[in-house]
Structure formats: structure tokens, C-alpha cells
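Just so you know, residue 1 is the first one in the sequence shown, and it goes up from there. Values below: every heavy atom of this structure, side chains too, minus hydrogens, waters and symmetry copies.
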Amino acid sequence: MSDFTDLVARAVSPAMSREEREAVYQVVKQAMRRLQERENLQPDDPRARLQEHLVEETIRDVEALVTRYLARQTILEAERANAAANAAAAADM
């Protein structure tokens, strides 16, 4: 499953809006449904439900990675701003 997660993670970017990432996830879900149809899996088939669960879990994992990345970027920006403010205050003394 990690290969699938990597594939989905490469399809999205933290620079994308939530709506853009959601559009990618919808494409992934549609592709999964088409594969299930080709395999003649009914929506209530346990295998189909497992696949859907794994896709949803992957999307949650990718969103968590994006959220962590964006949070880390925010922290780094705050640290840089703080360091710049400290440097400016030290220069004024």
C-alpha cells in the first residue's frame, strides 16, 4: 500500500489548494471504481469495501503529510521572523 500512498502523494502538492487536492482524490476514487467495475466487484463486496477503505485511508495519510508540511513551513517562517526581529533589536542597541 505504501507504493499507492507514494503515487497519490506525488499527484498532490502542498502548494495546491484543498479543492485542487480534493479533485485529485476524486480522480483516484473514480479510477478505483472503474477497476472494480472491470473486475465485476459489487459495491457491497467485502473486497470492494476494503479497497474503498484503503483509498480513504491513503487520502487521510496524504492530507496528514500535507498538513504537517504546511505546519512546519509556518513554524520555520515564524522562527525566521523572530530571528530577524531579534537581530534588528540587537542592531538598534
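Counting heavy atoms from C-beta on, the side chains of Ile59 and Lys29 come closer than 4.5 Å. Val8 places a side-chain heavy atom less than 4.5 Å from the side chain of Tyr25. Side-chain contact between Glu56 and Glu52 is absent, with no heavy atoms from C-beta onward closer than 4.5 Å. Contact annotation: the side chain of Glu22 never approaches that of Glu19 to less than 4.5 Å [non-hydrogen atoms, C-beta and beyond]. For the pair Leu76/Arg72, a side-chain contact is recorded, criterion being any heavy-atom separation below 4.5 Å from C-beta on.
Atom CG of Asp45 is separated from atom CD of Glu39 by 9.5 Å, given to the nearest 0.5 angstrom. Between Leu50 atom CG and Glu57 atom CD the span is 9.5 Å, to the nearest 0.5 Å. Of the inter-residue distances, the one linking Leu54 atom CG with Asp61 atom CG reads 10.0 Å to the nearest 0.5 angstrom. Interatomic distance, CG of Leu41 versus CZ of Arg33, reported as 13.5 Å (0.5 Å rounding).
Linking ILVMFWY side-chain heavy atoms closer than 4.5 Å, directly or via other members, places Met32 and Leu35 in two distinct hydrophobic clusters.
Exactly one residue among Arg47, Gln42, Gln51 makes a side-chain contact (heavy atoms from CB on, under 4.5 Å) with Gln36. That residue is Gln51.
Here the closest heavy-atom approach between residue Ala48 and residue Pro43 is recorded as CB-O, 4.2 Å.
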Exercise. With side-chain contact (heavy atoms from CB on, under 4.5 Å) as the test, would you mind laying out the steps for Val24 and Met16 before giving the verdict?
Key: CA-CA 10 Å; Val24 171; Met16 293 173 144; 4.1 Å; yes

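For CZ of Arg10, the number of neighbouring non-hydrogen atoms (other residues, nucleotides, ligands) closer than 6.0 Å is 12 at most.
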